[in-house]
Participant: 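Here you go, one structure.
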Amino acid sequence: MTEKKPTLYLIDASSYMYRAFYAMRQRLTAPDGTPTQAVYGFHQMLQKVLKDKRPERICVVYDPPGPTLRHAIYPDYKATRERMPEDLVVQVPLIKRMVDLLGIPSVEITGYEADDVIAALARKAVEAGMPVVIVSGDKDLHQLVREPHVIQWDPQRDEVFTGETVERKLGVRPEQVRDLLALMGDSSDNIPGVAGVGLKTAQNLLRQFGSLDQVLSRVEDIQSPALRKKIEEGKEAALLSRDLVTVREDAPVALEPDQCVVRPADTKALVEFFQSLGFRRFLDELAREAGDQALAAATEAPERRDRLVTDEKGLSLVLARIAEADVLSIDLETTSQDAMRADLVGVALCWKDHEAAYIPVGHTGEDAGQQIPPARTLDALRPLLEGDRPKKVGQNIKYEWVVLKRHGVELQGIDFDTMVASYLLDPGNPSHRLERIVAEHLGESKLRYSDVAGSGRNQIPFAQVPLEKAVDYACSDAETTYRLVPVLREKLQEAGLLDLMESLERPLIPVLARMEHKGIRIDAARLQELSKTLEEGLRKEEEVIHQIAGGPFNIQSPIQLRDVLFGKLQLPVIKKTKTGPSTDMSVLEELAALHPIAEHIVAYRSLAKLKNTYVDTLPKLIHPETGRIHTSYNQAVTATGRLSSSDPNLQNIPIRTEEGRRIREAFVPEEGCVLLAADYSQIELRIFAHYSGDERLVAAFSEGADIHRRTAAEMFGVPPHEVTPEMRRQAKTINFGIIYGMGPYGLAKQLRINQASAKAAIDRYFATYQGVKRWIEQVVEESRKRGYAETLLGRRRYLPELKSRNRNVRQQGERLAVNTTIQGTAADLIKKAMIDIDAAIRQEGLRTAMLLQVHDELVFEVPEDELDRVRTLVKDLMENVHPLSVPLVVDMGWGANWAEAHG
DNA sequence: TGGGACCCGTAC
DNA sequence: GACGTACGGGTCCCAC
């Protein structure tokens with residue numbers, strides 16, 4: 001009879017250091033400024049292992065500094081990998097100290113990577129009859145999995161890798177993993193693999209032959225001649241790659257598995273350690289654990305209690321529970337991502353930690369059974385949804401607002417949006433999806449949509465998801481959102497962003513929702529006419545181009561176009577893209593002097609762009625019920641704080657060319673209304689003047705001067721009335737260039753002058769506006785010190801580039817610091833104006849509707865009898881949105897279409 | 001057939 | 001390498 005041995009947990013430290021470091025884009029720092037996010041993340045991972053598994057045997061395995069055996073075999077090993085970022089380097093000793101203080105054994109062996117040490121320890125453990133769990137998410141370690149003795153577990157994603165799951169993920173058994181990697185290579189470690197063989201091919205080969213050795217010795221059995229050639233030529237690389245990816249078991253580890261015992265933590269030192277790093281939450285946890293064990297057990301999180309509501313009795317029970325709640329998290333399940341086209345499938349609600357309900361109203365699956373009809377459900381919920389209490393929270397709750405509005409419910413009392421909060425905390429992060437937010441801020445993994453509805457071709461509509469799974473998914477979304485709210489609110493508070501959230505971004509949500517829901521009317525007939533005209537023009541241009549080229553080709557194909565221009569016609573290459581000679585506008589303009597085809601291609605491109613992108617697309621997007629076009633405004637996309645618009649993007653409708661303006665003529669008001677356009681004049685330059693306090697710039701704006709003319713006059717030292725159009729054009733280009741941080745090179749290209757003249761012009765500009773130069777230097781320095789750029793209303797954008805040792809990256813950061821401050825402040829101001837105007841419209845009971853926002857412009861649909869009032873109101877609220885040291889000026893126009901409104 | 005990379009062009 | 005912020009259409013290529 002054998003005694004049952006405790007399981008040994010082997011923790012792959014490096015992968016969690018990196019992951020914690022990069023997962024938290026939000027820079028966590030100790031009071032003394034030391035970056036700490038990797039320490040924080042590492043601790044969370046350790047706690048999850050300790051709490052979930054209560055391991056009796058555990059060891060943290062570090063990668064040693066310096067080269068390893070693999071570098072001896074292959075000098076380029078991991079050569080493409082960037083050096084560990086300085087901000088992470090300083091955290092490594094902190095992590096090691098924390099592990100020691102927690103009483104967790106650890107090991108690091110010079111010349112042997114952590115993977116090899118883990119393999120050696122695992123082998124020892126298995127020989128001693130001890131089960132092993134490798135704690136890592138790394139696919140290289142899949143090769144060590146041997147059920148039942150050795151499995152792999154990633155606590156952060158809560159993924160367990162057994163033989164079966166490895167096979168599902170990689171398509172091969174664990175013992176084949178190294179051969180798989182040897183064939184396909186691994187770019188992150190600079191493992192070559194066989195050229196031209198990717199994951200799929202490697203899988204197929206191993207499925208057919210079983211192992212790399214078999215593949216190589218039976219290469220003549222490979223069906224495809226092309227593949228056979230690749231394998232023959234890649235044989236050496238494959239064998240070298242296998243050497244590199246194979247985890248060795250012979251590392252000289254003195255530590256015995258039985259010695260890997262957790263010692264008592266040094267609580268006193270840990271408290272000091274956490275204090276020095278400013279980890280308040282961990283201190284709280286530590287205090288709780290040090291106190292009453294029974295009490296701690298009682299506060300352990302209970303399982304979520306989900307309720308499936310399919311009848312009136314269940315519904316009234318849930319309503320009664322919610323009536324006592326302060327906060328209600330809402331997540332609608334629907335048939336579409338597009339709020340204007342979505343039908344209700346179900347309503348998920350959470351009003352308390354671990355208490356959530358799902359009310360299916362439109363499931364069609366076989367087990368759908370009895371459901372309360374949507375209308376009845378919404379009527380029952382109406383008092384809750386349309387009242388101020390409970391306070392409503394959600395993830396992108398604007399979506400819920402629009403869907404509910406279309407179902408006759410006007411959501412009130414919006415208190416928090418987790419997507420917007422995550423965005424404010426780090427607008428540079430490309431994703432604010434719930435799944436990612438939950439991973440970052442709760443350190444949990446979430447049930448994914450694909451987990452309940454399948455993925456790819458097998459994906460089914462949510463309405464067909466069996467109720468049992470639907471409840472689980474919908475409630476977990478509503479509940480994680482609910483639990484995120486206090487966490488995110490606290491973080492906003494700590495970062496000084498809560499006020500921006502509560503006074504700007506939150507009140508903006510219903511304003512944007514109303515704009516999206518209202519939509520804008522389109523004159524489809526007008527666009528169809530325009531389409532015919534464009535079609536005609538395209539046909540003519542195409543004919544000419546084909547004739548000049550001496551034969552037909554696809555003008556819209558950059559590759560074919562390249563062949564014609566630089567092959568057939570032997571025109572000079574002006575500029576290159578990653579893949580070959582460029583054919584973009586600036587190139588074609590230069591080529592126009594050499595060959596007539598260039599200008600025809602420009603004309604063709606321009607017509608095709610208008611037709612394909614706007615004229616033929618917009619009519620298709622007219623909503624069948626409203627007859628209007630409904631864009632989506634995204635509040636959590638841009639790095640600077642601007643809104644973006646999509647599906648369709650109504651923020652890039654042409655205006656600069658005559659044909660472009662024809663498209664704006666198709667944006668029309670409702671009968672009895674006019675379109676009113678109000679745009680901030682030179683808002684970004686005015687913000688520049690405000691911030692820099694430059695006397696001349698401020699004076700120019702205060703006097704209401706033509707800013708470009710004035711700039712030209714100052715720069716060229718002539719009176720304003722002697723400024724020539726060319727001088728004004730140059731000054732205008734510089735004025736805009738300054739906002740983007742343009743250098744002599746860029747300005748020279750733009751103005752078609754030489755670089756020396758461009759540099760002289762910039763020098764003259766800064767000599768004229770000395771305050772501007774000083775301010776740019778100052779804002780760069782402050783941003784570098786803080787680590788982020790900050791706008792007028794306190795919005796932040798983190799700029800790690802400012803601390804880069806690479807000059808190009810650093811200069812990029814400097815441009816971003818300047819531009820973000822200016823562009824972001826302009827965004828702050830117009831957002832506030834939108835809120836003020838919306839409030840006034842409602843306050844005064846006007847029928848006017850705000851329809852569009854285009855960064856510095858607002859477009860309204862105004863009943864004719866309200867025009868006078870609305871003109872005054874809008875101008876007044878926009879110009880006085882926030883006091884600056886220069887006046888804000890708003891230009892307005894109105895008319896029977898959007899083009900006229902720009903009169 | 002669909003997704004992603006790439007090139008290009010529209011807006012502010 | 002050199003000018004910031006977006007979205008989207010077309011082509012091409014590859015995986016399914």
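Being a predicted model, the structure only gives us computed values, none of them experimental. Lettering of chains follows the sequences in order, A, B, ..., and the numbering in each one begins at 1.
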Participant: Looking at B/dT10, C/dA2, B/dC6, which one has an atom nearest to any side-chain atom of A/K578?
Facilitator: B/dC6

Participant: When you check the gap from the basic side-chain N to the acidic O, do A/R810 and A/E801 get nearer than 4.0 Å?
Facilitator: no

Participant: Take atom CD1 of A/I687 and atom C1' of C/dG4, then tell me their distance rounded to the nearest Å.
Facilitator: 14 Å

Participant: Who are the side-chain contact (heavy atoms from CB on, under 4.5 Å) partners of A/E589, not counting sequence neighbours?
Facilitator: A/M585, A/R752

Participant: Please state whether the phosphate of B/dC12, meaning OP1 or OP2, lies under 4.0 angstrom from any side-chain nitrogen or oxygen of A/Q853.
Facilitator: no

Participant: Within 45° of the ring axis of A/F566 and under 6.0 Å from its six-membered ring centre, is that where the NZ or CZ of A/R562 lies?
Facilitator: no

Participant: With P as the reference atom in both, quote the distance from B/dC6 to C/dG1 in angstrom, rounded to an integer.
Facilitator: 15 Å

Participant: Polar pairs (N or O, both sides) under 3.5 Å between protein and nucleotides 12-14 of chain C?
Facilitator:
{"unit_1": "C/dC12", "atom_1": "OP1", "unit_2": "A/S557", "atom_2": "OG", "d": "2.5"}

Participant: Which part of the nucleic acid, if any, lies within reach of A/R656 when heavy atoms closer than 4.0 Å are counted: base, sugar-phosphate only, or nothing?
Facilitator: base

Participant: Looking only at the side chain of A/H855 (C-beta and beyond, no hydrogens), which of the listed nucleotides C/dT5, C/dC7, B/dC12 gets closest?
Facilitator: B/dC12

Participant: Would you kindly check whether a donor in the side chain of A/R642 faces an acceptor in the base of B/dC12, or vice versa, at under 3.5 angstrom?
Facilitator: yes

Participant: Identify whether any heavy atom of A/S582 sits under 4.0 Å from a base atom; if not, whether one sits that close to sugar-phosphate; answer base, sugar-phosphate or nothing.
Facilitator: sugar-phosphate

Participant: Is A/R815 touching bases, backbone alone, or none of the nucleic acid, heavy atoms closer than 4.0 Å?
Facilitator: sugar-phosphate

Participant: Please report the distance, rounded to the nearest Å, between CD in A/Q651 and P in B/dA11.
Facilitator: 13 Å

Participant: Does A/T577 make a side-chain N or O approach to OP1 or OP2 of B/dC7 shorter than 4.0 Å?
Facilitator: yes

Participant: Is the distance between the ring centroids of A/F736 and A/Y740 under 6.0 Å?
Facilitator: no

Participant: Need one value for A/A826: base, sugar-phosphate or nothing, where a base atom within 4.0 Å counts as base even if backbone is also close, heavy atoms only.
Facilitator: nothing

Participant: Below 4.0 angstrom, which residues in residues 659-668 of chain A have at least one non-hydrogen atom near DNA chain C?
Facilitator: none

Participant: Do A/Q635 and A/E505 pass the side-chain hydrogen bond (donor to acceptor under 3.5 Å, both in side chains) test, and can you show the C-alpha distance, the side-chain angles, and the key distance before you say yes or no?
Facilitator: CA-CA 8 Å; A/Q635 207 178 346; A/E505 299 293 350; 2.8 Å; yes

